[in-house]
Amino acid sequence: MPELPEVETVRRAIAPLLVGRTVRGVYTGPPSYFFLTPPAELAARLVGRTITDLGRHGKYLIARLDDGSAVLLHLGMTGQLFTAGAESPRLRTRDRAAAGPDPHVHLELDLGEGAPRVRFRDVRKLGKVKWIPPGAREPRLARLGPDALELDDERFARAVGRRRGAIKSVLLDQSALAGVGNLYADEALFLARIRPTRRASALRPRERAALAAAVREVLARGLSAGGASLDDWVAPDGSDGGYQHARLVYGRERQPCPACQAPLTRTVIGGRSATWCRRCQR
DNA sequence: CTCGCCCTGGCC
DNA sequence: GGCCAGGGCGAG
């Protein structure tokens with residue numbers, strides 16, 4: 001599940017391969033839910049363009065092009081951006097044995113001779129790619145709250161302070177705070193010892209500050225581990241991240257709490273699963 | 001704010 | 001053979 005640390009890991013690895021390069025060719029899979037801009041149009045828009053920057057806001061990557069347009073990328077649940085030099089990450093044995101190209105690669109960029117090709121693979125197609133015309137305001141970006149890596153207490157108070165929903169749901173709401181997903185939300189709430197069901201607006205200033213610090217801390221841990229490889233996520237060179245081994249509570253239902261050894265609980269909050277410690281989190 | 005939907009592999 | 005995961009979005 002690519003969240004901010006995974007997307008930032010991808011950005012750092014891919015940016016040097018893209019920035020300053022000119023797109024020589026674009027290969028796409030068939031039109032699908034994945035393409036917010038139809039593949040034929042996307043290809044026509046990209047060929048001949050030079051990539052000037054690869055930015056990130058929350059879980060979105062934004063490639064800027066030399067004509068002022070941009071390409072928005074989202075990895076969804078199972079998206080993988082990787083270099084063609086790396087063996088197709090997490091390729092199932094069955095797919096590898098099948099003849100022909102990997103059916104889950106929806107987009108491939110030829111960046112000229114000597115440059116590795118960059119591929120976007122996504123088994124479930126919950127990822128997204130969209131071309132943004134020069135000067136256009138992109139509603140998906142405009143909706144986002146402040147990036148969670150640039151979180152300070154004041155910004156966090158503004159993002160969370162008046163929300164009446166469960167704090168867990170607010171952490172996941174990208175319009176409040178951009179970049180935190182289910183894994184890092186559970187981790188941060190555990191570190192801050194806050195119950196995921198607490199009403200966000202009812203948090204005391206001390207608790208809010210502790211949670212903001214915990215969000216920063218778990219994102220930093222995830223980033224320095226090179227992301228978490230649960231499900232399909234891999235770094236662009238095909239290697240696994242390390243945070244899945246270091247995680248505290250996420251996906252550890254019934255396992256002992258790292259702090260008090262009581263079994264961790266899993267509940268559903270706002271339609272999303274939450275794993276937490278009934279004893280430590282108040 | 002909550003719900004259902006998009007998608008597909010994996011697991012009961 | 002059916003259900004679930006889950007990010008994000010549109011509908012209610």
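Order of the sequence lines sets the chain letters (A, B, ...), proteins ahead of strands, with each chain counted from 1.
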With a 4.0 Å cutoff (strictly under), does any side-chain N or O of A:His74 reach OP1 or OP2 of C:dG7? no
Could you check which residues of residues 174-182 of chain A get a heavy atom under 4.0 Å from DNA chain C? Sort them by number, please. A:Gln174, A:Asn182
When you measure from the side-chain N and O atoms of A:His104 to the phosphate of B:dG9, is any distance below 4.0 Å, counting only OP1 and OP2? yes
Roughly how many Å is it from CG in A:Leu171 to P in C:dG8, rounded to a whole number? 14 Å
Around A:Arg282, counting heavy atoms of other residues, nucleotides and ligands shown, do more than 12 lie under 6.0 Å from its CZ? yes
Tell me what A:Arg266 touches on the nucleic acid: a base, only sugar-phosphate, or nothing, going by heavy atoms under 4.0 Å. sugar-phosphate
Without decimals, in angstroms, what is the distance between A:Tyr33 OH and B:dT8 P? 11 Å
Does any N or O donor sit under 3.5 Å from an N or O acceptor when you compare the side chain of A:Arg272 with the base of C:dG7? yes
How long is the line joining CG of A:Leu144 and P of C:dC9, in whole Å? 8 Å
So if you build clusters from Ile, Leu, Val, Met, Phe, Trp, Tyr with side-chain heavy-atom gaps below 4.5 Å, do A:Leu171 and A:Met77 land together? yes
In this structure, are over 12 heavy atoms from other groups packed under 6.0 Å from A:Arg279 atom CZ? no
Crowding at CZ, A:Arg193 (>12 non-hydrogen neighbours, <6.0 Å): no
Integer-rounded Å distance: B:dC3 P and A:Asp173 CG: 15 Å
Using the rule salt bridge (charged side-chain N to carboxylate O under 4.0 Å, His left out), only one of A:Asp152, A:Asp147, A:Asp153 pairs with A:Arg216; which is it? A:Asp153
For A:Arg49, does the CZ atom have more than 12 heavy-atom neighbours from other residues, nucleotides or ligands under 6.0 Å away? yes
List for me each residue that meets salt bridge (Lys or Arg N to Asp or Glu O under 4.0 Å) alongside A:Asp53, sequence neighbours excluded, and say none if there are none. none
Could you tell me the separation between the CG atom of A:Asp122 and the P atom of C:dG8, rounded to a whole number of Å? 13 Å
Examine C:dC9: is either OP1 or OP2 under 4.0 Å from a nitrogen or oxygen in the side chain of A:Arg140? Give yes or no. yes
Reckon A:Tyr250 touches a base, only the sugar-phosphate, or nothing at all at heavy-atom distances under 4.0 Å? sugar-phosphate
Using whole Å, report how far NZ of A:Lys130 lies from P of B:dC6. 20 Å
Mind calculating the distance between CD1 (A:Ile269) and P (B:dC3) to the nearest angstrom? 13 Å
Heavy atoms under 4.0 Å, any strand shown: does A:Ser273 hit a base, just sugar-phosphate, or nothing? sugar-phosphate
Could you pick out which residue, A:Met77 or A:Arg143, lies toward the 5' side of DNA chain C when each is mapped onto its nearest nucleotide? A:Met77
Among the candidates C:dG7, C:dA5, C:dC9, find the nucleotide nearest to the side-chain atoms of A:Arg124. C:dA5
Applying salt bridge (charged side-chain N to carboxylate O under 4.0 Å, His left out) to A:Asp186 and A:Lys168, what does each step give before you reach the verdict? CA-CA 8 Å; A:Asp186 279 359; A:Lys168 167 71 188 260; 2.6 Å; yes
Using whole Å, what does the distance between atom C1' of nucleotide C:dG8 and atom NZ of A:Lys125 come to? 17 Å
5'-most by nearest nucleotide on DNA chain B - A:Arg164 or A:Lys128: A:Arg164
